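Below: one structure, written as structure tokens.
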Amino acid sequence: MSAQLPKGFAALEPFAERWAGATAAERADLRAAHAIAERDAFAAACAPLLAQGLARLDQTPLAEQDEAEQRLMRLLLTYAHVSLAAVQGPDEAMHARLRTDMRITRTPADV
Amino acid sequence: MNTHVPRFEPVAQQNLDWLGTEPIPASAYYDPAWFELERQAVFRRSWLQIGHVCELPEPGSFVRREIEVAHASILIVRGKDLRIRAFHNVCTHRGTQLVAEEAGRQSSFSCPYHRWTFSGEGELVGAPDFEQFHVTKADCALPAIAVDICAGMIFISFAEHPPVLREWLGDLAERLEALPIAKATTFTEYVYEIDANWKLTYDNFQENYHLRFIHPRSSGGGTGPDNPFGYPARYGFHGPHRTQTIWVNSEAPLPSTATQVAFGTAMQRLAAQGVTATEDGRDYFALFPNFFLFGSPAQHFSHMVMPINATRSRGVFRLYWIGEDSSASERFAREHLMALTRDVHSEDRGVIEAGQRGLSSGALRHIHFQTQEVLCRHLYNEVEAAVRAYQAETAAGIT
Ligand code: FES
Ligand SMILES: [Fe+2]
């Protein structure tokens, strides 16, 4: 399989297909869309690469990101939601139901 | 070397005695007859926050807002002269709703039925075979309603002669204008519908008594050992409006690295934009009847609770931002700051409907507000005063 992400982010490749939500609403939904073990593996892979990933992406204006950079951006944006699952801990499954009634309708990232 | 942090002291009841301590009639939270009085006395007479100027960047920019409580659909349009106007979304020929889109930009509005066409300033500019009519075009302009701006926020009023908006807002107008929302250019939005009365819904967001029970994990910084319920540091009363200064546990750690990164980026960006936390950065502004704004520059959110009927409402949350996302880091920060507030607000929404089911059963004659639920009491007092004034005027034949 060829690399889908910028160099240095191989650890996130296994998640590139399923976790790069296109809109904020999709990314918020991804937090509860897959098995808990996969979610935790995604979070564990993102956590140590967050600072490095943002520093890498900050070198390019958002409008000029290539496909690999866009995908990395979306993965980190999904992590912006998924990182909160750990805060909810044992309440996360119950909490996911509460969130579905709070529909995201607009963000600057989507415009 | 220890800096001395004074022990938290909740606001004392004696400072709030003037608001009363009586129980509150439960029927005000479900009775359709009372709701009808609120519709007339409160919602058809008050200024209602309904949007932000950043939604209308150019001549011809418009938004459509459904105001169920007034049985109205309203178009808010920026004209060629750059002025913002508000009209009923109603063709003056035979009443057809003109615009189906929620927002957009166009130089004129054509009715789908017989193609009467109105300008962005509301004038009838074209109507097929108009010679057959028995009226002038000048008499067929779109029906306008009052609109005014404060701190970038758009307010409308259905009153025929509403008070001047700045007078209505009183001393809060200047404080609102000093907040980032006055300079905002874009926003993040999430919305909900809820089977609950608008006051029951709104009240949840103006008392902190529930924090430790409903947000045990998501708002750790809101409570602390010497303030276990996270009661506010101060209350402010400004005519029908009110404020609270929230108390923050400065010792509580931020929950995760992602949150630290997001706040760090947001604060840096705000500093670069010359936005500094003001005195009001910890203040919640509650504008009568149904609008909140939180002064914090990093999570600068507003919340509007729009009644649909006596026991159903719609809420709109927005986080306002200055400038488009300028970098990947800022995009991440905004997405995470939204996810944080949405987590908390989902927990709030989740608990309110159970309260409505209990109230709607009619089992209770009264509900009770404690000292630290005084903002809920103030809202009820203000609503009741408006209803009584309206009833007195109707009885005297004034309206
Ligand atoms: S109802 Fe609008 S043109 Fe006839
Ligand atoms: Fe809450």
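Predicted model only: the values in this text are computed from it and were never measured. Throughout, protein chains are lettered first and strands after them, A, B, ... in sequence-line order, and every chain is numbered starting at 1.
Counting heavy-atom pairs under 4.5 Å between each of A:A24, A:S83, A:C46 and chain B puts A:A24 at the top. Note: B:R217 leads B:R217, B:E324, B:E193, B:H336 in heavy-atom pairs under 4.5 Å with chain A. Of the listed residues (B:T186, B:D343, B:V261, B:T257), the one with the most heavy-atom contacts under 4.5 Å to chain A is B:D343. Top candidate by heavy-atom pairs under 4.5 Å with chain B, chosen from A:L57, A:T100, A:I104, is A:I104. Of the listed residues (B:R318, B:E189, B:R334), the one with the most heavy-atom contacts under 4.5 Å to chain A is B:E189.
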Using distance only, find each side-chain donor-acceptor pair of residues 72-80 of chain A under 3.5 Å and give its atom names and separation, not counting sequence neighbours.
unit_1	atom_1	unit_2	atom_2	d
A:T78	OG1	A:W19	O	2.7
A:T78	OG1	A:G21	N	3.4
A:T78	OG1	A:R74	O	3.0

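By the side-chain contact (heavy atoms from CB on, under 4.5 Å) test, A:T23 is found to be paired with A:A25, A:E26, A:D110, residues two or more places apart in sequence or in another chain being considered. Residues passing the side chain to side chain donor-acceptor pair (under 3.5 Å) test with B:R269, sequence neighbours excluded: B:S326, B:E330.
The side-chain heavy atoms of B:F317 and A:M102, taken from C-beta on, include a pair separated by under 4.5 Å.
Looking at B:I194, neither its backbone nor its side chain comes within 4.5 Å of chain A, counting heavy atoms on both sides. Of the atoms belonging to A:R31, it is side-chain heavy atoms, and not backbone ones, that fall under 4.5 Å from chain B. For a residue to count as touching a neighbouring chain, one of its non-hydrogen atoms must lie under 4.5 Å from one of that chain's; by this rule A:R97 does not touch chain B. Contact annotation for B:E347: both backbone and side-chain heavy atoms come within less than 4.5 Å of a heavy atom of chain A. Only the side chain of B:R349 comes within less than 4.5 Å of a heavy atom of chain A; its backbone N, CA, C and O stay farther away.
Heavy atoms only, all atoms of each residue included: B:R342 and A:R99 are closest at NH2-O, 3.0 Å. Closest heavy-atom contact between A:L54 and B:A328: CD2-O, 3.9 Å. Pairing each heavy atom of A:P108 with each of B:D325, the nearest pair is CB-OD1, 3.4 Å.
Residue-level contacts of residues 58-69 of chain A with chain B, in order of numbering, are A:D58, A:L62; threshold 4.5 Å between heavy atoms.
Remark: A:R103 fails to qualify as a cation-pi partner of B:Y192 under the 6.0 Å distance and 45° angle criteria applied to the six-membered ring.
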